[in-house]
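Read through the structure below, which is laid out as structure tokens, and then see the notes.
Just follow the structure's listing: the first ligand is 1, and inside any ligand the first atom is 1. From a predicted model like this one, the values you see are computed outputs, not experimental measurements.
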Amino acid sequence: MNSLTNQVYPVIWHNDEVLLIDQTRLPHEYAFVEIRRSDDMARAIKTMIVRGAPAIGVAAAYGMYLGAREIETDNRDEFLTRLEQVAEQLRSTRPTAVNLFWAIARMLKIAYETLGTVDEIKQTLFHTAQNINAEDLQTCQAIGDHGLTVLPNTPEKLTLLTHCNAGALATAGYGTALGVVRSAFREGRLERLFADETRPRLQGAKLTAWECVQEGIPVTVITDGMAAHCMKQGLIHAVVVGADRIAANGDAANKIGTYSLALVAKAHNIPFFVAAPLSTVDFSLPNGSKIPIEERNPEEIYKIGDTTITPTGVEFYNPAFDVTPAELIAAIITEYGAFAPGELKHYQEKQLV
Ligand code: MRU
């Protein structure tokens, strides 16, 4: 954390290495992990030391540079073949967040397009990783501000609900859904944020709540099953979540539990918004049915801390994401503005790959 501004940057380039905030230790410990090699970056993504779609993209971009730096050859073809292997290892870490694949594709493309020595390609890769990081920060600030244009006009001070963590920790900084919350807070339009705890890994209770505390944003943590009740009581004015992969028609994959939240929001006539950069859109998928859904270790369900909470002899199913159909989404908030999911296709040519 930048001590002057309270800004949280989960991926930092410092002294020729990457520093990652260890998100598995928050909120109790604010510690960094030093990453010097691409295989360490792959491990950090897989074990969720770094997580959240845009942050994974930034981390993977640096992972590509670190991998490039390790390749000892002056032969361009050999270098590119080995860079493809680095890309493959990074791609195999987590399947759902498309920003990972987007960032790797952008890094590979620039490597192939750079005509010059291997050292020059390495330099270009470094600058591209830096750009991906800097662009995401600006993108999130734009998303936050565009979000203000679609939030309900009344009451003057809103109570928003979010799920998982789509904050500074999940991006280069500032956040997508939490970026909208931050912008609303800055403009005096936020009464309070309700944060779903987000079973099983508790990103809401641990990470979103921690970020809010850093900035003095009033936050109430609820368990996931309480959202419908809170809506029925009139406590929530709008829902804002992030996304891991959005199909061309606007169907949006996000943390497991998001789909149920969209359904209960619809039942209570509460607008449901998805905030995400264009790098989260997978224009190759016409709809959400083919979005790969990561399944994680069942231990995340049956263990709380070191304690096993279930009897022996039961089975588990642990999908990490679900897909919210576009018709439940009032608007998708991007760096280019907030618009209906059906409008997304008009922005395809703006995606930088
Ligand atoms: O499994 P995680 O913690 O990586 O999942 C994160 C989410 O689902 C976020 O909502 C999403 O990546 C958007 S982050 C701006």
- request: Could you tell me whether the side chain of C164 reaches within less than 4.5 Å of the side chain of R51, counting heavy atoms only?
  value: yes
- prompt: Got a salt bridge between D224 and R199, using NZ or NE/NH1/NH2 to carboxylate O under 4.0 Å?
  reply: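 Salt bridge: no.
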query: Ignoring hydrogens and geometry, is there a side-chain-to-backbone donor-acceptor pair from T24 to D22 under 3.5 Å?
result: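 Side chain of T24 to backbone of D22, a donor-acceptor pair under 3.5 Å: no, none is there.
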- prompt: Any donor and acceptor pair, going by atom type alone, linking the side chain of D322 with main-chain N or O of G257 inside 3.5 Å?
  reply: yes
Would you tabulate the polar-atom pairs, meaning N/O of ligand 1 against N/O of the protein, with distances under 3.5 Å, reported to 0.1 Å?
unit_1   : atom_1 : unit_2 : atom_2 : d
ligand 1 : 1 (O)  : R94    : NH1    : 3.4
ligand 1 : 1 (O)  : R94    : NH2    : 2.8
ligand 1 : 1 (O)  : K255   : NZ     : 2.7
ligand 1 : 3 (O)  : R51    : NE     : 2.9
ligand 1 : 3 (O)  : R51    : NH2    : 3.2
ligand 1 : 3 (O)  : Q203   : NE2    : 2.8
ligand 1 : 4 (O)  : G52    : N      : 3.0
ligand 1 : 4 (O)  : R94    : NH1    : 2.8
ligand 1 : 8 (O)  : D244   : OD1    : 2.8
ligand 1 : 8 (O)  : N254   : OD1    : 3.2
ligand 1 : 8 (O)  : K255   : N      : 3.3
ligand 1 : 10 (O) : N254   : OD1    : 2.6
ligand 1 : 12 (O) : A53    : N      : 2.8
ligand 1 : 12 (O) : D244   : OD1    : 3.2
ligand 1 : 12 (O) : D244   : OD2    : 2.9

Contacts table for residues 136-143: side-chain donor-acceptor under 3.5 angstrom, sequence neighbours left out:
unit_1 : atom_1 : unit_2 : atom_2 : d
D136   : OD2    : A172   : N      : 2.7
T139   : OG1    : E135   : O      : 2.8

field: Residue of the set V11, N15, D16 for which side-chain contact (heavy atoms from CB on, under 4.5 Å) holds with W13
entry: D16
